[in-house]
Every structure is written in C-alpha cells, then in structure tokens.
Amino acid sequence: MTELKRSLTPAMVWGLGVGYVISGNYFGWNLGLEKGGTWGLAIALVFIILMYVTFTLSYSELACSIPKSGGAFDYARKAFGDDVGFIAGMAQNIEFIFAPPAIALGIGAYAGTYFPGVPVVVIAIIAYFIFLILNISGIRIAAVFELVITAIAVVAILVFCTLVFPHFDSANISRDGFPNGWEGVLAATPFAIWFFLGIEGVANLAEETLQPRRTLLIGFGSAITTLVVLCVLTFFSSIGIGGWRSIVFTPSGAISDSPLPMAIQQIPNDASFWYNLITSVGLFGLVASFHGLMLAAGRSTYEFCKSGYGPDFLGRLSARFKTPANALIVNMFIGIAALLSGKTGEVITIAVFGALTIYIVSMLSLIRLRKTHPHMDRPFKVPFYPLFPVIALIISTLSLIAVAVYNLKLAFLYLILLIVALVVYKVVRKPVGKQTDV
C-alpha cells in the first residue's frame, strides 16, 4: 500500500487541529504557575500566543505548498537537504511521541477521581491500547470520533467559564502574582507552549484531506483562532476564582494535574455536581488530544521511515485499513515507557524541545524556499512576509534557549538523542526505500 486514503473535510481538520491541543486547557499549563505565578505565566503566554499566530500563518504556506504527511520533515528536506530534514523529522517524532504519554497521565489523574483504587499509570496504559485500535481502524472513523469529542470538550470549557466567572475576583489574579520575577517568566515558558503544542500536526494530515490546500488553510486558521480564545478564557477564569495556588497544589501540598476541577471546588456552596461534570467532560478534552496526537505521530513516523530515514517496516501501511499500523504500535510502546516515569512536567518539556526545533527549522525553511524556489506553487502566502516568519523564528529560538537554561539535564538528553540518531542514520544511511503492504 503506497498511499494514504483521502477523506478529511475542513470540519474534520478543525476537529483534529483543536483536538490535538485542547488538553492543554485541561491540565499541564497550571504547572507554569508554580514557576512564574499568574503574571509570570501570563507574560510568557503573550509572547507564545504571538509566536503561534505568526507561526501558524507561516506554516500554512508550507503546508499548502508541500501537502505531504511528513510536515516539517518534508519542508526541511526540500529547503536544506537530507541531514536537516532528518533532524526536523526526528524532532517532530519526539514531539508527537512524547506528548501523548504526558496527556495519558492527565487522563489517569482525571479518571482516577472515579477509580481511586486504580493506579494512574494503569489507566494511562489502558487508554493507549484503546486508542491504538481506534487509530488503526481508519482515518475517517478516527476523525469523526475526534470531531465529536473535540466539540464536547470545547463546550465544556465554555460551561466551566460560565460557572466560575460570576465568582471571579481580580484580587485573586494579583495575589502573589509575580513571585519569581522575570526568571519565572522564562521558567514558565514550556507550560505556556503546552497550551498550543501540537497544532502543527494539522500539516501531517495533508495526504488524507480532500482538496488539501484549501482544507489545510481553513483547518489551521479556524483551529488557532479557537485555541487562542479558549486559552485566554481558561487562564483567567481558573485563577480568578481562588488564586493560582488553588489550582496548582492539593490540600496535601502535592502538585495537581487537574486544575479545572480544583477551580470548580472553589465555588461557594455545593459544587459537587459541577465538579463531577467538569471532571467527566474534562476527560473528553484529554482524550481528544491524546487520540489526535497519536494519529499525528503515526503519520510522522510513517512518512519519516517511508522516505528511508528509519526502519522500513515502520514506513508500511496496513493493507486492510490503509493506516500506518506498525508506526502506531511502536510509538505506543515508546510512549508507555515514557509515562512509566510518572514525571508529567519532564515529559512535557521533552515534547516542547521537539516542537521548538520544528518551529525554528520550519521558519528557516520557509525563508530559504522563498529564495531558492521563488516560482513554487503557493496557493497561500503568509501575510506581511518576512515579518511574520521572522517573529515566529525569533520567539521560538529565544523560547528554546529559555527552556534549555532551566532544564539543562533534559536539554542535554534531547541533544544527545538527536546526535546519536543522526550518527546512526549517517552510518546506516540507505536510499529512499520502497513501500510495501503489510
């Protein structure tokens, strides 16, 4: 089997684009409050939102010009050749493979309120197997499922904001709002990125969309608009009801992976009904991102290996389902190994390193392709070129430096992983491999 099946509509791409990211509203971002407080994380968010808006518009030009499922890998390879393409592909694989285990731990934390006797890790592993089967079953089935649960997750956030805004107190926003100064802004950066991490996965659907250029443009634009609005609403409504500490630390002093239910508990009188509702529906948001990023990871690994940059068997499609089953299975086992660490923050940071590498290489690829391929078909061109890609490039580069400075051990681990992979690739390098069915 050599081609993925085209069946995705703009609505489905919106569902997948928002679905990849929406778990960032439900958990993970609150860990940045411990680092920078309300204003530290808020300042980081201003720059990160600017980065994602300019990046998404710039990335849309690449996705519409080169509609391939490899995404950043294909763009970098065309702009800079095989070696840079390999690095971009590895970074993309790292992002998409390491983000799902962090989300799986969030699923375990939310679901654990109903199954207190079941370890979080066990719930996370069960989630992996369930959504592996769904992703293997076919892209249209997976996309329809994603659209439905994403819509539910979006409505749930709006309901949450409606419930807590009447109890909003601006004094809670300012209380201990800037505890670590500008250092806290830098330390909070990876968690600001977590609000939007994965939006670029829309590009990896290029070979499975109907009218890919039009569909990708609509998908990117509508998804980033939705996500920015939800980010702002979630941030201020969650903190405004009881202060940032109330959605970071549990009564025992432990760090929580479920900030929205904790915010609901701050509502005066009996909030048990709404707590249970938000906890239940919150699972939809986590599941949407978990399922969507598993899907994107499979496509990324498949294209990477199909092009001869990895094991041949990972670049093959299932003859029955026309999905990258082998890539999905291997990615799942890597993800399970990561979640067994139980360290949500560290896993998120590794994924962020991969994402920022993609953003930097992609913006450089866009600028280079404008020079080396001026007549390439570009159904969409980023507005205000070169300002937008340069803004995205500068902020993503500074963000990568900031994340590395405050996570030196993880930065070293990430760098070693890339270097070892590149060396192995150079040693065993082979021509682009052919593709066969499985």
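Bear in mind the structure is a predicted one, so any value in this text is a computation, not a measurement.
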Checking Y302 against N326 for the side chain to side chain donor-acceptor pair (under 3.5 Å) test, could you report, in this order, the C-alpha distance in whole Å, the side-chain angles of both residues, the deciding distance, and whether it holds?
CA-CA 8 Å; Y302 156 76; N326 292 344; over 6 Å; no
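- The side-chain heavy atoms of N93 and F304, taken from C-beta on, include a pair separated by under 4.5 Å.
- When all heavy atoms of F380 and L57 are compared, the pair lying nearest together is CE2-O, 3.3 Å.
- Distance check: M332 CE to I97 CD1 gives 12.5 Å after rounding to the nearest 0.5 Å.
- Taking the six-membered ring for Trp and the full ring otherwise, F333 and Y128 have centroids separated by 6.0 Å or more.
- If you take OG1 on T56 and CZ on F196, they are separated by 9.0 Å, rounding to the nearest 0.5 Å.
- Across all their heavy atoms, A288 and I149 have their closest contact at CA-CD1, 3.4 Å.
- Atom-to-atom distance recorded for I394:CD1 and M51:CE is 13.0 Å, nearest 0.5 angstrom.
- Residues K78 and S365 form no side-chain contact, since every pair of their non-hydrogen atoms from C-beta on lies 4.5 Å or further apart.
- The side-chain heavy atoms of W14 and L147, taken from C-beta on, include a pair separated by under 4.5 Å.
- Heavy atoms only, all atoms of each residue included: L339 and V121 are closest at CD1-CG1, 3.6 Å.
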Does the side-chain contact (heavy atoms from CB on, under 4.5 Å) test come out yes or no for I336 and F129, once each step is laid out?
CA-CA 10 Å; I336 289 175; F129 278 95; 4.1 Å; yes
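- Residues Y52 and Y359 place their aromatic rings such that the two centres sit under 6.0 Å apart.
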Report the C-alpha distance between E95 and F353 in whole Å, list the side-chain angles of each, state the deciding distance to 0.1 Å, and finish with yes or no for side-chain contact (heavy atoms from CB on, under 4.5 Å).
CA-CA 7 Å; E95 177 195 359; F353 276 123; over 6 Å; no
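- In summary, the side chains of T234 and Y26 do not present any donor paired with an acceptor at a separation below 3.5 Å, with no hydrogens or angles considered.
- Checked against the 6.0 Å centroid threshold, F191 and W29 do not count as a close aromatic pair.
- Heavy-atom minimum distance, R316 versus D312: CG-O, 3.5 Å.
- In terms of modelled atom types and a separation under 3.5 Å, the side chain of T189 and the main chain of L186 share a donor-acceptor contact.
- The neighbour count for F80 CZ, taken as heavy atoms of other residues, nucleotides or ligands under 6.0 Å away, is above 12.
- The side-chain heavy atoms of S362 and L62, taken from C-beta on, include a pair separated by under 4.5 Å.
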Could you walk me through whether I239 and L33 pass the side-chain contact (heavy atoms from CB on, under 4.5 Å) test, one step at a time?
CA-CA 10 Å; I239 299 170; L33 294 168; 3.7 Å; yes
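- You'll find the side chain of L418 reaches within 4.5 Å of the side chain of I94, heavy atoms only.
- Within the 3.5 Å criterion, the main-chain N or O of P259 finds no donor-acceptor partner in the side chain of N30.
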Step by step, work out the side-chain contact (heavy atoms from CB on, under 4.5 Å) result for F388 and V53.
CA-CA 9 Å; F388 276 17; V53 170; 5.6 Å; no
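- The distance from the OG1 atom of T162 to the CD1 atom of I157 is 11.5 Å, given to the nearest 0.5 Å.
- R77 contributes no side-chain N or O that, together with a main-chain N or O of D82, makes up a donor-acceptor pair within less than 3.5 Å.
- With contacts defined as side-chain heavy-atom distances shorter than 4.5 Å, the pair L295/L328 does not qualify.
- Two rings, from F86 and F73, have their centers 6.0 Å or more apart.
- Looking only at side-chain heavy atoms (C-beta outward), L41 and K35 stay at 4.5 Å or farther from each other.
- Within a 6.0 Å sphere centred on CZ of F284, other residues, nucleotides and ligands contribute 12 heavy atoms or fewer.
- For residues 288-298, the side chain to side chain donor-acceptor pair (under 3.5 Å) pairs, not counting sequence neighbours, are S23-S289, E146-H291.
- Screening residues 372-398 for side chain to side chain donor-acceptor pair (under 3.5 Å), with sequence neighbours left out, gives E61-R378.
- Between the side chain of T150 and the main chain of G15, a donor-acceptor pair closer than 3.5 Å is present.
- Taking CD1 of I358 as the start and CD1 of I87 as the end, the distance is 12.5 Å to the nearest 0.5 Å.
- Side chain of S300 to backbone of A296: no donor-acceptor contact under 3.5 angstrom is found.
- Contact annotation: the side chain of L317 never approaches that of T323 to less than 4.5 Å [non-hydrogen atoms, C-beta and beyond].
- Across A188 and G32, no two heavy atoms sit closer than the pair CB-O, 3.6 Å.
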Show the numbers, then the answer: is there a side chain to side chain donor-acceptor pair (under 3.5 Å) between Y406 and T349?
CA-CA 10 Å; Y406 286 93; T349 302; over 6 Å; no
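- Heavy-atom minimum distance, I22 versus G285: CG2-O, 3.4 Å.
- For Y59 (side chain) and A72 (main-chain N/O), a donor-acceptor pair under 3.5 Å exists by modelled atom type.
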